[in-house]
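Presented below is the structure to which this report refers.
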Amino acid sequence: MARNDFDCIVVGSGHAGVEAAHAAAAIGAKTALLTISKDAIARMSCNPAIGGLAKGQIAREVDALGGLMGLATDAAGIQFRVLNQSKGPAVQSPRAQVDRHLYSQWIAEKLQHVPNLTIVETIAAEIIVENGKVVGICSTDGKKFTAPTVVLTTGTFLRGLMHIGNEQTPGGRIDEPPSNELSESLISLGIELKRLKTGTPPRLDPSTIDFTKLQPQYGDEQPQPFSFMHNHIDRSQVPCWITWTNESIHKLLRDNLDKAPLYTGQIQSTGPRYCPSIESKIVRFSDKDRHQVYLEPEEQDVKTIYCNGISTSLPRNIQHELISLLPGAENARILRYAYAIEYDYAPPRQLYSSLETRKISGLFLAGQINGTSGYEEAAAQGIMAGINAAMKLQNKEPLVLSRDQAYIGVLIDDLMTKDITEPYRMFTSRAEFRLSLRSDNADRRLTEIGIAAGLVDKDRERIYQQKVSNIARLKEYLENTRTYGTSLWQQLARPNSNIEKILADYPGFLKDELTQQQLQAVAIDAKYEGYLEKQRRLARDTQHLRKQKIPNNIDYSDIAHLRNEAREKLAEFRPENLGQAQRLSGVNPADITVLQVYLKKTYSRRNNSNMPKVHES
């Protein structure tokens, strides 16, 4: 086989790209990862942190499926915290500040040793398509790479344009060129592109910061690993620090809105609602007299400070004044100025739930190209696109996770059913089954799926099987051991019960064989057993709609009694099943009934021969 002939080509080596390439290669596809530079692999362009509210659940789901993010976080983490510890386990989320250089190095080193994977330094310029099927990629230097599947993970590079005041610099990120040719190639193939905006704050020299004026924020005393392969974290932790904006900063920003690209019309695309620039904050929340700012280290030895909370695109001189007014940073030196970046994305209604494009067979999109924000959302899409590219090569049905199985399922389903007009970010409130989709049980939800897909290695499978066995043995013991007329399982379900105290009086038991995480998993199962059963019943009630597939070529104008608004939405989004159709805005229960009757009358006679097949685990 020629050197440039592959089964799968992954374009881009960010968090989506590395997961896609690793997944496809690990499953058995001969894979090429095309990157502008090997030094750019898994680069953390924005905040060097993994996890957070809902994002922590996604990161653990990627790990449970056999991905890289959790392992890399444990290897490079410099501060670990579980957020929302005062609340219930459904909304508790792990978060880790990481050493950005070590994280990237760990991923790059791991990929070097993945069988079937070749890393190529080049810039993709053109997608080659024949008869509606992708056949490869051409690079800017004229090289041709052939493959029947291609995964695009382009991040912010598609016609990327960076803004600092009235300065405009083409680029995907600092010191890296944009990918204009690839945008033109997608447009020529009939893929619709729109524009989004994101941004990043300034970085400061820590030696010029007065930390005595700041509130330190420490990690957990017993840091919780991200990966289910690890029981504990041995790395030393470093603090972050908290400061606040003030009225002087707000006045500076208000007085200089005429120099802010967001307000001069220089930037016209939409930025992230839930991570806005500081100038957007003082306009949208004019009643607030201060906003919290986290000063977060980017490395274990703290050479750079990331100013989380003051993302901006204001001119350099205004950024200098802003920093000089920030408590603790009055004399701080800016190592890198904040900037905003505009880039192309492809509205994800053009995709199937497998993340394969509807127009071009074999072409998959993952990450910010689908309108999402965040490393975790990108990694989730990357691993699913890589799995499904490998599935397609094996002529297997694609893997689609449902909303009751994973936050990954919620994420992709939302992309299929919502108008993505601003960067999409995951929250626990988006998941109606969030009590079931906890960070502690991600492996029990997804690792068997990863095993079936061929992505989970033998070591992970062994550790998983041991955990499941331990939990089952402990649960059986608790259910069968009774005191004062009630089982230990029933006692554990009571408020304020403690599993370690309950087991303390029962010597000779396997308590010492279980990890702390396994003990807590059993405790949570006991406390929420009734609620979890309700969620399982709700999930079963919605399965029948999800199983009723809708042909992609259906003509909604032929369906009598369907309201015009519903007809327009259904034709625009082309849902793959009645469950997706039900979640479209503008489609009501009566429309679903009409559609259900039409499908039964029209396709039952054809024995569902034209119905699309999707493997939902």
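All residue numbers refer to positions in the sequence shown, counting from 1.
- Between D440 and R444 a salt bridge is recorded (basic side-chain N to carboxylate O distance below 4.0 Å).
- Across all non-hydrogen atoms, the minimal contact from A125 to S185 is O-CB, 3.9 Å.
- Here the straight-line distance linking atom CG of N388 with atom CD1 of I27 works out to 8.5 Å at 0.5 Å rounding.
- Separation of atoms SG (C307) and CZ (R203) is listed at 8.5 Å; rounding is to 0.5 Å.
- Within the structure, ring pair (Phe, Tyr, Trp, His ring centres under 6.0 Å) contacts touching residues 367-390 (residues at least two apart or in different chains) are H15-Y375.
- Looking only at distances, a side-chain donor or acceptor of E61 sits under 3.5 Å from a matching main-chain atom of I408.
- Taking both residues in full, the closest heavy atoms of A54 and Y407 are given as CB-CE2, 4.1 Å, listed atom of the first, atom of the second, then distance.
- A salt bridge links D344 with R195; the closest basic N to acidic carboxylate O contact falls under 4.0 Å.
- Cation-pi contact between R460 and F228: absent, since separation from the ring centre below 6.0 Å together with deviation from the ring axis within 45° is not met.
- Q92 and S439 share no donor-acceptor pair across their side chains, judged by distance under 3.5 Å alone.
- Across E342, H163, E167, a single residue satisfies side-chain hydrogen bond (donor to acceptor under 3.5 Å, both in side chains) together with Q266, and that is H163.
- Residues S236 and Q300 have side chains that bring a donor and an acceptor to within less than 3.5 angstrom of each other.
- Between R336 and E298 there is no salt bridge, since no side-chain N of the basic residue sits under 4.0 Å from a carboxylate O of the acidic one.
- With a 6.0 Å cutoff to the six-membered ring centre and a 45° limit on the axis angle, R100 does not count as a cation-pi contact of Y306.
- Defined by atom type and a distance below 3.5 Å, a donor-acceptor pair is present between the side-chain atoms of N552 and Y352.
- For the pair R430 and E377, the salt-bridge criterion is not met [side-chain N within less than 4.0 Å of a carboxylate O].
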